[in-house]
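Written below as structure tokens is the structure these notes are about.
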Amino acid sequence: MIICHCMSITDADIRAAVDWMRASDPETLITPGKVYRALGKKADCGGCLPLFMETMSKSDGFGVPVHLRNLRAADKERKTHEGRSEGHRIPKQGTEE
Ligand code: FES
């Protein structure tokens with residue numbers, strides 16, 4: 001089935017590219033842009049991206065490596081506490097006498 005009509009990319013092309021990327025680098029994050037590049041093509045109108053993403057997500061090799069999951073939540077937690085213990089946070093240092 002054709003997924004991207006602008007570039008004539010099929011669901012089989014996408015699955016093959018995802019599997020190839022996962023086999024060549026087990027820790028890579030697979031994005032639509034990387035799949036386009038792996039196929040030697042470039043997105044044009046972008047109208048296919050919802051279906052493109054859905055096809056990618058159904059591929060066997062699409063899963064995100066465990067150590068790369070929840071990075072946004074971990075980053076938010078880190079920024080909140082600045083990586084310092086509670087007694088050493090900057091706003092509290094100025095108020096203590
Ligand atoms: S349909 Fe895929 S870029 Fe236009």
Side-chain angles (χ1 to χ4, degrees):
M1 177 174 80
I2 297 280
I3 302 294
C4 176
H5 290 274
C6 293
M7 295 295 150
S8 300
I9 297 173
T10 66
D11 58 336
D13 295 334
I14 294 170
R15 283 195 301 273
V18 168
D19 292 343
W20 173 78
M21 281 190 270
R22 181 61 65 211
S24 60
D25 185 358
E27 297 188 354
T28 192
L29 289 176
I30 299 172
T31 64
K34 287 181 178 179
V35 173
Y36 273 104
R37 266 180 259 135
L39 295 171
K41 300 181 179 189
K42 189 175 179 182
D44 189 11
C45 72
C48 61
L49 281 178
L51 185 57
F52 200 98
M53 288 291 297
E54 185 181 329
T55 305
M56 284 174 55
S57 67
K58 289 180 181 173
S59 298
D60 293 337
F62 182 70
V64 176
V66 173
H67 68 282
L68 296 177
R69 293 180 188 166
N70 296 322
L71 290 178
R72 184 175 293 171
D75 191 46
K76 187 175 181 181
E77 177 73 17
R78 186 176 49 83
K79 286 180 180 172
T80 302
H81 299 294
E82 300 173 351
R84 299 175 183 168
S85 62
E86 193 167 332
H88 293 89
R89 292 184 189 156
I90 291 173
K92 293 198 176 219
Q93 286 179 349
T95 59
E96 296 175 12
E97 293 185 26

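Numbering of ligands and ligand atoms starts at 1, following listing order.
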Heteroatom count (protein N, O or S) under 2.8 Å of atom 2 (Fe) of ligand 1: 2
Test item: Met53 and Pro32 side chains (from C-beta on) under 4.5 Å apart, heavy atoms: yes
N/O donor-acceptor pair under 3.5 Å between Arg22 side chain and Gly63 backbone: yes
Pairs meeting criterion side chain to side chain donor-acceptor pair (under 3.5 Å) with involvement of residues 32-48, two or more places apart: Thr28-Lys34
Verdict with reasoning, Leu49 to Phe52, per side-chain contact (heavy atoms from CB on, under 4.5 Å): CA-CA 5 Å; Leu49 281 178; Phe52 200 98; 4.3 Å; yes
Atom indices of ligand 1, in the order listed, that fall short of 4.0 Å to a heavy atom of Tyr36: 2 (Fe), 3 (S)
Considering all heavy atoms, the nearest Met1-Leu51 contact: CE-CD2, 4.5 Å
Arg15 vs Asp11, side-chain contact (heavy atoms from CB on, under 4.5 Å): CA-CA, chis, key distance, verdict: CA-CA 6 Å; Arg15 283 195 301 273; Asp11 58 336; 3.3 Å; yes
